[in-house]
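Encoded as structure tokens, the structure appears first; notes follow it.
So that the names make sense, note that chain A is the first sequence line, chain B the second, and so on, each numbered from 1.
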Protein chains: 2
Amino acid sequence: MTQQPASRSRRERPAKPALSREWIISTTIDIMLSEGLDKATMRRVAQSLDTGPASLYVYIANTAELHSAVLDELIGTLIVSSSGSWSERLERLLDEYRELLFTYPGLAKSALAIRPSGPHSLIFIDSLLGLLLEGGMESARAAWAVDLLMLYVTANAAEHSVPAASDIEAPVDRESTWTTLSTAIGNADPAVAPRVAAHGPALLGGTPAQRWTWAIGTLIAGAAIVPVPPAAKA
Amino acid sequence: MTQQPASRSRRERPAKPALSREWIISTTIDIMLSEGLDKATMRRVAQSLDTGPASLYVYIANTAELHSAVLDELIGTLIVSSSGSWSERLERLLDEYRELLFTYPGLAKSALAIRPSGPHSLIFIDSLLGLLLEGGMESARAAWAVDLLMLYVTANAAEHSVPAASDIEAPVDRESTWTTLSTAIGNADPAVAPRVAAHGPALLGGTPAQRWTWAIGTLIAGAAIVPVPPAAKA
DNA sequence: ACCTGAACACCGTTCAAGT
DNA sequence: ACCTGAACACCGTTCAAGT
């Protein structure tokens, strides 16, 4: 339980080790890394463990729980940097989380469905909360802001990790999705969507990094000025 | 194309009408309404249309495109109210969108993956943009704010529409997910997650409606004060 | 040209039967 | 008690063959 974080690369596979929750989770992470979340199915994981899928159900309730456990494990690898202002450390931590979700394509989508809730996630939430409190944010607002920030990071990653499957056979699709949206905006009929037609470039402008920084800044600045309804406070 | 919005309830089924993109989409909506997005599969839709799944591929490229088309169709039913301040109208419009995504469980998750981009979505984006501009927001910021607002609404809905499948056999699961998170927060060890332990009630406090209103307000207020990098402007 | 039966290559989950 | 083979009930997508 409190051993070191699951090593994510073990080349030597000691001939059929005993099945266990930990072993199943780390095998799942291996598969996710090399083949994507889509391939990290009960069947595929079982195959990697030289057994049938039914065996996994002794340790894990269902696919959602497996993915949830994997996410918690990975969140355990994030660390709060110790230098810089609270806002720098906060942005860096969120950036690490974003990167994590980008590294494991498809995991973000799971994260939305399952709400990180394991022991490692609790520590992560604690860190975010601590940084906002350090920044002087009122406690009730900081709590809600943590939620909002995590939701944004997850949604942002989920949106950018679209393909997940079929990236071997149809790498075109990702591009064409983008193209569809931007040409739709570019070609917007001023009679039907006048503001989009007029402000098209602004809608599409900026680098992903610029938009990310702006969004995080916006969330924090907004949370700092919008009060939480008094009744909702502890 | 510019007929009335796809009627979502047609009890009389004129014996095997000709297959068409429109007919496929409206049938999919029917199924989604009555059985959830999970059941709106190519196979199930084909079955409702008295044909094999292969036939759908004449009109629709794949499942993602089908869901994308459905979402655009539904977004076409949203209307901007004509009374009230810009911010009241904005919040009402976003609320309609949120409600739409809640009504069709699972659709929100699709919306994240596919980025609403059809003709109806373009008009919706145009309305949001118009309201922010009316509120005096600078154009580049308003454009990015539209993105952020839509992302939040979608993510929020995706998070709350968890079960989607298996809601007949395991209605317990939704409850237990919540319970898991709140008990985890409630029982947080002060030694390992001191801030969570101390501010637990704040993390869990407020009604969904309060949190929703606060979040939307936070996003708009934040966008109004955080400037977009000059290089990113049109 | 338009449509589709049948097949291919997968899924998650359960449960009776084995050790 | 613990584990699992085999089955159940599904998927998306393709393609050769029919009309």
Rounded to the nearest 0.5 Å, what separates atom CE in B:Met32 from atom OG1 in B:Thr27?
11.0 Å

Nearest-angstrom distance from the residue atom CG of A:Asp38 to C1' of D:dG12
13 Å

Could you work out the separation of C:dC10 and D:dA9 based on their C1' atoms and round it to a whole Å?
14 Å

Kindly point out which of C:dA6, D:dC3, C:dC11 is positioned nearest to the side chain of B:Ala54?
C:dA6

Quickly work out the A:Lys39 NZ to C:dG12 C1' distance and round it to whole Å.
16 Å

Starting at the 5' end of DNA chain D and moving along, which residue's nearest nucleotide shows up first, A:Arg43 or B:Thr63?
A:Arg43

Write down the distance between CG (A:Asn62) and C1' (C:dC11), rounded to a whole number of angstrom.
14 Å

Does the side chain of A:Tyr59 get closer than 4.0 angstrom to OP1 or OP2 of D:dC3 through an N or O atom?
yes

Assigned partner base of D:dC8, Watson-Crick or wobble definition, under 3.5 Å:
C:dG12

Rounding to an integer number of Å, can you tell me how far B:Arg44 CZ sits from D:dC10 P?
10 Å

Examine C:dC3: is either OP1 or OP2 under 4.0 Å from a nitrogen or oxygen in the side chain of B:Ser55? Give yes or no.
no

Write down the distance between CG (A:Leu56) and P (C:dC11), rounded to a whole number of angstrom.
12 Å

Which nucleotide wins on minimum distance to the side chain of A:Val58, given the candidates D:dC3, D:dT13, C:dC3?
D:dC3

Closest contact, heavy atoms only, B:Ala40 versus B:His67
O-NE2, 3.4 Å

Quick one: which of A:Thr103, A:Thr154, A:Asn156, A:Leu93 gives a side-chain contact (heavy atoms from CB on, under 4.5 Å) with A:Arg98?
A:Asn156

Over 60° means perpendicular and under 30° means parallel, so tell me whether B:Tyr97 and B:Phe124 are parallel, tilted or perpendicular.
tilted

Whole angstrom value for the distance that separates C1' of D:dC10 from CE of A:Met42:
16 Å

Pairing nucleotide - C:dG18, Watson-Crick or G-U, each distance under 3.5 Å
D:dC2

Between A:Tyr57 (OH) and D:dA1 (P), how many Å, whole number?
23 Å

Short N-O contact, B:Arg115 and B:Asp147, less than 4.0 angstrom:
yes

CD1 of B:Ile24 versus P of C:dT4: gap in Å, rounded?
10 Å

